Amino acid sequence: MSTPSLQKDAILSANELSLAFGGAPILDGATLAIYPGEKVGLVGRNGCGKSSFLRVLAGDEEADAGLISRKQGLVTGYLPQEFQLDDEATVEENIRSGAADLIAKIERFESAAELSENEMDRLQAEIEHLDGWNLESRIEILMRELAAPPADRIVGYLSGGEKRRVGLCRALLAQPDLLILDEPTNHLDAAAISWLEGYLASMSGACLFVTHDRYFLDRIATRIVELSGGRFYSHDGNYSDYLVAKDERDQREQAAEHKRQRFLSREIEWVRAGVKARGTKQRNRLENFYAVKAQKAPDQELDMELVIPTPPKLANLVVEAENLGHFYDRDPLFLGIDLSCKAGECIGIVGPNGAGKTTFLRLLMGQLEPAEGSVRVGKRTEFNYVDQTRLELNEDNSVLEEVSQGIDSVRFGDEALSVRAYLKRFLFSDDRINDRVGNLSGGEKNRVLLAKILKRGGNFLVLDEPTNDLDLQTLRVLEEALINFGGTAMVVSHDRWFLDRVCDRVIVFDGEGHVDIQEGNYSYYLEKRRGREAVIAAAKPKPAKKKRERRDDGKPRKLKWKEERELEGMEETILEAESKIEEIEGKLNDPSFFIDHSEEAVGLAADLEKRKTEVQGLYERWEELEAIRVAFEGAG
């Protein structure tokens with residue numbers, strides 16, 4: 001077989017790759033090229049072979065057939081899901097190992113006496129290409145922004161999440177031409193994810209990454225590649241563009257399959273009639289029939305039919321926390337939380353690792369006694385807790401044994417469903433239902449856990465990081481199930497897309513003891529926070545102020561009585577204005593509104609834009625008045 005050339009301008013190409021495990025094809029003639037500077041998001045169902053393909057590209061695994069071509073001198077960085085660190089070395093030593101080749105070049109360059117002038121020039125050019133002279137500052141920035149543990153900590157004593165952040169720092173340090181990342185946002189909080197988005201978007205090298213974080217895909221990807229049926233399907237643009245393109249592709253495939261079936265239905269009667277194919281036309285017709293019949297139908301992607309058992313009715317009191325606080329050693333995890341949970345709402349919980357989110361859940365469920373304050377639980381409230389750690393799974397059991405626990409059926413209201421039929425709703429085939437839990441992928445184990453715990457019922461569902469390891473299709477099904485759940489739900493997650501879809505309220509832990517409770521979804525919270533931060537930033541004294549902010553003698557002036565009253569009521573005024581905007585947006589986002597009131601839509605949309613402009617003006621006025629007040633008090 002001749003060696004295919006590298007696609008023009010590509011830094012790496014995979015040509016006709018084949019890979020199978022236990023007879024099941026993972027890659028089936030898969031071909032893909034990656035070009036300089038592009039950011040490629042790789043998507044597909046759990047178990048379709050995404051991680052295996054990344055391992056093949058990184059050289060950790062070999063394909064059964066096919067060829068991988070790389071641009072000469074290509075520098076590659078790789079963060080696998082199951083990464084290896086030196087447990088006996090420190091955090092900094094492990095991170096530095098990611099730039100071992102660069103460090104060796106620098107050390108060789110610094111031994112200038114042993115080098116010729118040409119070697120010096122070549123080494124200097126290579127070091128500058130890799131930004132080697134800024135290596136120390138890059139290590140410092142990576143460790144700070146990705147919240148890595150202290151540099152002198154021994155890696156063997158770190159948690160899984162801490163080790164992953166060290167591994168990510170190590171992968172990014174070398175500033176490779178191609179960065180391969182498998183779930184880079186796992187164990188990162190929102191601030192670290194935001195920084196990583198900016199870093200990857202601005203880096204000059206190419207990046208191929210697998211992630212379940214749909215906002216991350218939307219903001220970073222310049223191309224989405226779907227792995228399905230062992231082959232790649234490439235779509236230019238981000239995740240939102242991909243969803244549109246995939247829908248169009250599915251419709252084309254369905255139309256083609258419908259046309260194929262109609263053809264076979266017409267021709268089958270002729271074939272059954274046993275017409276002897278003596279003539280050329282008859283032979284061609286028969287050959288065409290068998291050729292079309294042999295064509296493979298498009299793969300049918302089945303979704304989980306995740307239905308949460310009907311919850312018992314809640315009382316007026318669901319769960320209430322008053323002045324709730326807790327400590328870790330002597331340091332406060334959080335203090336002064338007041339919360340009243342409502343029937344039918346979904347509350348999202350966000351915050352950095354170690355901020356106290358899981359502790360807060362355990363306090364609400366009565367598993368811990370609070371250090372301060374109190375928790376009241378309604379008489380009808382029944383908790384159902386999906387544990388983040390997955391320690392409840394026995395990997396020696398079969399899937400059926402693990403979920404059934406000796407009970408043959410699951411109740412849905414007045415109906416009963418066999419456990420085997422129940423598991424099929426979670427996309428477990430008959431063979432997989434009888435397989436050991438220990439043989440499953442991470443995503444499959446998460447589905448087993450969901451199936452096992454959701455069958456218990458309850459009317460207060462507590463999910464601690466339920467989105468870890470779920471593929472994008474399964475995430476959408478879980479979202480729909482939560483949206484339609486009749487009880488109360490509380491969800492801890494770093495998945496911003498997920499939080500935006502399901503949450504009516506968010507509780508945000510900042511990691512320094514402060515907790516913010518905000519109506520609306522996570523994006524709405526971020527919008528409000530940015531507004532507050534802008535006001536605070538504008539209120540800080542500045543060297544140059546508008547003339548009206550100072551008296552004739554040049555000193556900052558005091559607010560007038562009328563301006564003081566205006567400032568005191570400004571927050572309430574803005575909240576009222578924004579409430580009206582939400583009301584209008586709710587109407588415009590309601591499909592039924594356009595059925596009964598379509599003639600009002602244009603005027604309402606114009607009113608919405610006018611009110612948004614007014615709110616912007618209110619924020620600017622607030623900044624102005626606050627700046628005058630702060631400047632005057634600072635001068636005093």
Side-chain angles (χ1 to χ4, degrees), residues 303-321 339-349 357-358 360-367 375-388 390 392 402-427 446-467 470 474-493 495 498-507 517 519-521:
D303 277 326
M304 280 171 50
E305 188 185 352
L306 200 165
V307 180
I308 302 174
T310 305
K313 187 176 180 180
L314 286 158
N316 290 331
L317 171 64
V318 179
V319 175
E320 285 187 357
L339 176 70
S340 179
C341 300
K342 306 168 190 173
E345 75 171 338
C346 181
I347 302 171
I349 300 181
K357 304 185 297 295
T358 300
F360 175 69
L361 296 180
R362 296 182 65 195
L363 289 170
L364 292 186
M365 292 184 291
Q367 296 179 1
V375 175
R376 296 172 61 211
V377 178
K379 292 182 179 179
R380 295 181 183 173
T381 300
E382 299 176 17
F383 291 108
N384 192 346
Y385 182 34
V386 178
D387 187 2
Q388 175 188 13
R390 299 192 188 88
E392 296 185 43
E402 186 64 17
V403 173
S404 66
Q405 299 288 295
I407 300 174
D408 295 332
S409 61
V410 180
R411 297 213 61 83
F412 285 85
D414 297 329
E415 300 181 4
L417 189 69
S418 73
V419 174
R420 189 172 288 273
Y422 173 67
L423 280 169
K424 288 184 177 180
R425 293 187 172 196
F426 289 79
L427 294 185
N446 213 351
R447 296 210 306 271
V448 171
L449 184 71
L450 285 172
K452 178 181 177 180
I453 296 183
L454 292 180
K455 79 179 178 66
R456 298 176 186 168
N459 50 23
F460 197 118
L461 191 59
V462 181
L463 306 177
D464 198 350
E465 294 289 0
T467 59
L470 293 184
T474 306
L475 279 172
R476 290 199 293 270
V477 176
L478 177 58
E479 289 164 359
E480 293 300 327
L482 283 174
I483 289 169
N484 296 316
F485 181 54
T488 300
M490 188 168 280
V491 184
V492 177
S493 180
D495 189 324
F498 180 82
L499 291 169
D500 277 353
R501 279 215 68 200
V502 305
C503 291
D504 306 298
R505 205 167 15 152
V506 292
I507 303 174
I517 300 177
E519 296 291 334
N521 63 19

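Everything numeric in this text was worked out from a predicted model, so none of it was measured.
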For a quick test of reading the model, state the closest non-hydrogen atom pair linking G458 to F485 and the distance between them.
O-CZ, 3.9 Å
d(T358 OG1, L363 CG) to nearest 0.5 Å is 11.0 Å
Of the non-hydrogen atoms in V318 and A315, which two are nearest, and what is the gap between them?
CG2-O, 3.8 Å
Side-chain contact, heavy-atom cut-off 4.5 Å: D495 with L499?
no
Hey, does the side chain of N459 reach the backbone of P312 with a donor-acceptor pair shorter than 3.5 angstrom?
yes
Under 3.5 Å, is there a donor-acceptor pair between the side chain of T488 and the main chain of K342?
yes
What I'd like to find out is whether the side chain of L482 reaches to under 4.5 Å of the side chain of L461, using heavy atoms alone.
yes
OG/S418 to NZ/K424 distance, rounded to the nearest 0.5 angstrom?
8.0 Å
So V319 and T381, do their side chains get closer than 4.5 Å, heavy atoms only?
yes
In Å and rounded to the nearest 0.5 Å, what is the CD to NZ distance from E402 to K452?
4.0 Å
Nearest 0.5 angstrom please: M490 CE to D464 CG, how far?
11.5 Å
Atom pair CD1/CD of I349 and E465 - distance to nearest 0.5 Å
10.5 Å
Can you measure from CE (M365) to CZ (F460) and round to the nearest 0.5 angstrom?
9.0 Å
Can you tell me if N484 has over 12 outside heavy atoms packed within less than 6.0 Å of its CG?
yes
Which pair of heavy atoms, one from L364 and one from A321, lies closest together, and at what distance?
CD2-CB, 4.1 Å
R380 and K313 have their tightest heavy-atom pair at CD-O, 3.4 Å
Where is the tightest heavy-atom contact between C346 and V491, given as atom of each residue plus distance?
SG-CG2, 3.9 Å
So, for P311 and G486, which heavy atoms are closest and what is the spacing to 0.1 Å?
CG-C, 3.8 Å
